[in-house]
2 protein chains.
Amino acid sequence: MKPSMVTIEPYGHFCSDCAVREFAVCSSLDPSELRQFEHLGRRVHFDGGKTVFSEEDITTSFYNLLKGVMRLYKLLPDGRRQIVGLALPGDFLGMNISGRHNFSADAIGGVTVCQFAKAPFGRFIEDRPHLLRRINELAIRELSQARDHMVLLGRRSADEKVAAFLLGWRERLVSLKEPSDRVPLPMSRRDIADYLGLTIETVSRTFTKLERHGAIEIIHGGISLLDPARVEALAAA
Amino acid sequence: MKPSMVTIEPYGHFCSDCAVREFAVCSSLDPSELRQFEHLGRRVHFDGGKTVFSEEDITTSFYNLLKGVMRLYKLLPDGRRQIVGLALPGDFLGMNISGRHNFSADAIGGVTVCQFAKAPFGRFIEDRPHLLRRINELAIRELSQARDHMVLLGRRSADEKVAAFLLGWRERLVSLKEPSDRVPLPMSRRDIADYLGLTIETVSRTFTKLERHGAIEIIHGGISLLDPARVEALAAA
DNA sequence: CGCGTTATTGACTGCATTCAAGCCTGGTGG
DNA sequence: CCACCAGGCTTGAATGCAGTCAATAACGCG
């Protein structure tokens with residue numbers, strides 16, 4: 001049977017075999033807290049392309065990404081899109097102060113999230129400052145990434161953007177202990193373009209240029225980093 | 001006597017007359033906590049142009065901006081600069097997870113900050129989750145601003161960038177209860193350009209164009225918004 | 001096998017940058 | 001008080017990088 005687009009597993013009893021337990025928000029919880037925590041979240045699966053939440057939605061849930069990749073983006077009224085982040089397992093989504101998500105989030109390929117209803121999660125945090133501290137850490141880390149990305153968007157050339165993207169993406173995957181020189185790129189050229197503030201044509205041309213120069217090889221579903229040093233030089237640190 | 005570039009006031013006894021008490025981090029503290037808090041911070045004044053902290057500095061202090069405007073920026077090795085934020089009174093600076101500031105911060109015009117040594121401040125937070133919660137709120141607000149700015153940098157034209165900047169800046173000043181249609185711009189054209197990912201020439205040309213169209217008037221140290229609706233239309237929401 | 005989608009490649013355009021003068025303003029010293 | 005200078009700002013002309021428009025190629029899917 002073909003899986004439905006959104007599959008919900010029953011509540012509870014899953015933290016023990018959770019792949020992101022060590023580095024997600026839940027890393028701050030001790031074993032007994034973790035048992036209570038299990039009952040707050042449920043695993044939900046989204047097929048590729050599905051929208052998990054939208055920019056103007058009222059926030060009813062937080063999400064802990066367990067598996068897969070998500071694009072976080074904002075749209076201008078005329079349809080121009082800027083991807084403001086690519087989420088990987090361990091990322092925590094949904095915090096805001098306006099009561100609304102201020103960006104949209106789609107699954108890129110299949111995705112599994114741990115979904116928490118806002119109110120009970122809020123109550124759970126209430127008397128667990130170490131969890132709040134952990135959430136704060138993650139927010140500050142994202143803020144730092146956001147600032148780096150602003151530099152890329154505002155001050156780097158197309159070549160530098162693409163090179164920096166490949167290295168940065170590889171780096172993030174490595175920290176999730178994926179292998180190394182073969183860099184999978186599950187997102188489309190359009191996604192890459194919208195992440196880097198470019199057009200698909202420019203991304204495509206730049207990939208081809210890098211390949212012609214022997215820096216990378218374009219393979220199915222990703223690239224192979226043939227000459228990391230050369231790519232680093234192009235990224236202009 | 002001409003004031004020295006950095007003036008340090010003695011510790012303590014200043015929260016009571018602090019202009020940002022209501023909306024800065026300290027808004028989360030009750031009166032008795034505030035009295036303790038006073039002894040942690042000291043006011044420091046920086047003249048215009050002075051650097052308060054630099055990108056690669058090890059973090060030894062946090063800062064609560066009391067008065068003035070600061071530019072927060074990152075530099076590329078070849079000197080290109082991207083301003084990643086403009087800080088106004090009430091903003092809290094210095095949080096990071098790497099132990100180093102990951103951006104630099106200069107005073108634009110004279111600035112007064114409330115400076116907290118990292119260790120005692122950390123200890124003070126320890127058993128005051130409401131303060132941590134407040135810091136988290138501010139981080140999330142900044143994250144939201146950062147994402148908006150990414151859209152501007154990656155997907156907006158020069159005209160849209162400048163128009164959106166003027167409106168956004170006015171909005172922030174209004175929320176600090178500055179008047180309205182006269183928008184002071186204490187920062188230089190270079191600062192504006194580096195904030196918007198443009199060159200000074202483009203910023204200057206765009207200002208002139210807006211003025212010729214009757215949307216704004218360029219006045220000394222700022223602009224006057226003659227036709228806000230027109231500027232909003234140009235900003236493309 | 002054929003269709004629709006995604007990616008690549010090419011030719012041309014145009015927006016923002018670069019290069020280059022000139023202007024205006026504020027501060028300094030005669 | 002005014003002349004001069006330095007730095008910031010404005011304006012103009014020319015260039016070039018990335019975007020647009022368009023055609024083709026490759027792929028995934030039924």
Side-chain angles (χ1 to χ4, degrees), chain A residues 2-3 5 47-49 71 76 78-82 106 108-110 152-166 184-213 216-223 234 236, chain B residues 2 47-49 71 76 78-82 106 108-109 152-165 184-213 216-223 234 236:
Chain A
K2 189 175 183 296
M5 291 194 295
D47 272 5
R71 57 173 170 253
L76 290 176
D78 63 2
R80 280 175 289 177
R81 184 178 70 161
Q82 176 65 46
D106 293 348
I108 295 180
L152 179 146
L153 290 171
R155 285 293 178 235
R156 289 169 118 106
S157 70
D159 288 1
E160 291 169 344
K161 284 177 176 182
V162 172
F165 165 68
L166 291 177
L185 297 174
M187 71 294 284
S188 69
R189 293 288 188 271
R190 172 153 299 285
D191 289 337
I192 297 174
D194 287 348
Y195 185 54
L196 301 179
L198 298 171
T199 59
I200 38 179
E201 293 94 329
T202 299
V203 171
S204 185
R205 274 187 251 275
T206 308
F207 272 33
T208 307
K209 200 201 307 188
L210 285 172
E211 189 172 45
R212 265 202 299 269
H213 289 39
I216 67 170
E217 186 186 2
I218 300 169
I219 56 181
H220 181 75
I223 60 106
L234 277 173
Chain B
K2 188 172 183 300
D47 272 6
R71 58 175 169 252
L76 290 176
D78 62 3
R80 281 176 288 177
R81 184 179 69 160
Q82 176 64 47
D106 293 348
I108 294 179
L152 179 145
L153 290 171
R155 285 295 178 231
R156 287 168 119 106
S157 70
D159 288 2
E160 292 170 342
K161 284 177 176 183
V162 171
F165 165 68
L185 298 174
M187 71 293 285
S188 69
R189 292 291 187 269
R190 171 152 301 285
D191 289 336
I192 297 173
D194 287 347
Y195 185 52
L196 301 179
L198 298 170
T199 58
I200 38 180
E201 292 95 328
T202 300
V203 171
S204 184
R205 274 187 252 274
T206 307
F207 272 33
T208 307
K209 200 201 308 190
L210 285 172
E211 188 172 45
R212 266 201 300 267
H213 288 37
I216 67 170
E217 187 186 3
I218 301 168
I219 56 182
H220 181 76
I223 60 106
L234 276 173

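Numbered from 1 within each chain, the chains take letters A, B, ... in sequence-line order. All figures in this text were calculated on a predicted structure; none of them were measured in a lab.
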Has A:R80 got more than 12 heavy atoms of other residues, nucleotides or ligands less than 6.0 Å from its CZ? yes
Rounding to a whole Å, what distance do you find between A:M187:CE and C:dA7:C1'? 16 Å
Taking CG from B:L185 and P from D:dG8, how many angstroms apart are they, rounded to a whole number? 17 Å
If we fit an axis to the first five pairs and another to the last five of the helix from C:dC1-D:dG30 to C:dG30-D:dC1, what angle do they make, to the nearest 10°? 40°
Once you round it to whole Å, what is the distance between C1' of D:dC9 and CD1 of B:I219? 16 Å
Gap between atoms CD1 and P, on A:I218 and D:dA26 respectively (whole Å): 13 Å
Where A:F207 and A:I216 come nearest, the two heavy atoms and their spacing: O-CD1, 3.8 Å
Between A:T206 and A:A158, which heavy-atom pair has the shortest distance, and what is it? CG2-O, 4.4 Å
Check the interface with nucleotides 21-24 of chain C: list each N/O to N/O pair with the protein under 3.5 Å, or write none.
none

How close do B:A193 and A:R155 get, heavy atom to heavy atom, and via which atoms? O-NH2, 3.2 Å
Polar atoms only, N or O, under 3.5 Å: list the protein pairs with nucleotides 18-21 of chain D and their distances.
| from | atom 1 | to | atom 2 | distance (Å) |
| --- | --- | --- | --- | --- |
| D:dA18 | OP1 | A:A158 | N | 2.7 |
| D:dG19 | OP2 | A:T199 | N | 3.3 |
| D:dG19 | OP2 | A:T199 | OG1 | 3.2 |
| D:dG19 | OP2 | A:T202 | OG1 | 2.5 |
| D:dT20 | O4 | A:R205 | NH2 | 2.8 |
| D:dC21 | N4 | A:E201 | OE2 | 3.1 |

Given C:dG26, C:dT8, D:dT10, identify the nucleotide with an atom nearest to the side chain of B:H220. C:dG26
Atom CZ of B:R190 to atom P of C:dT18: distance rounded to whole Å? 10 Å
Heavy-atom nearest pair, A:K161 first then A:L153, reads NZ-O, 3.8 Å
When the distance from CG of A:D191 to P of C:dT5 is rounded to whole Å, what number comes out? 16 Å
If you compare all heavy atoms of A:R156 against all heavy atoms of A:A236, which two are closest, and at what distance to 0.1 Å? NH2-O, 3.6 Å
Base, sugar-phosphate, or nothing: which does A:S204 touch, judged by heavy atoms less than 4.0 Å apart? base
What integer distance in Å separates A:F207:CZ from C:dT8:P? 8 Å
Is the side chain of B:E217 donor-acceptor paired with the backbone N or O of B:E211 at a distance under 3.5 Å, no angle test? no
Can you check the B:K209 NZ to D:dT11 P distance for me, whole Å? 13 Å
Does a salt bridge link A:D194 with A:R71, judged by any charged N lying under 4.0 Å from a carboxylate O? no
Shortest non-hydrogen contact between A:I218 and A:T208, atoms and distance: CD1-N, 4.2 Å
Answer whether the closest heavy-atom distance between the side chains of A:L234 and A:L210 falls below 4.5 Å. yes
Would you mind reporting whether A:Y195 and A:V203 have side-chain heavy atoms less than 4.5 Å apart? no
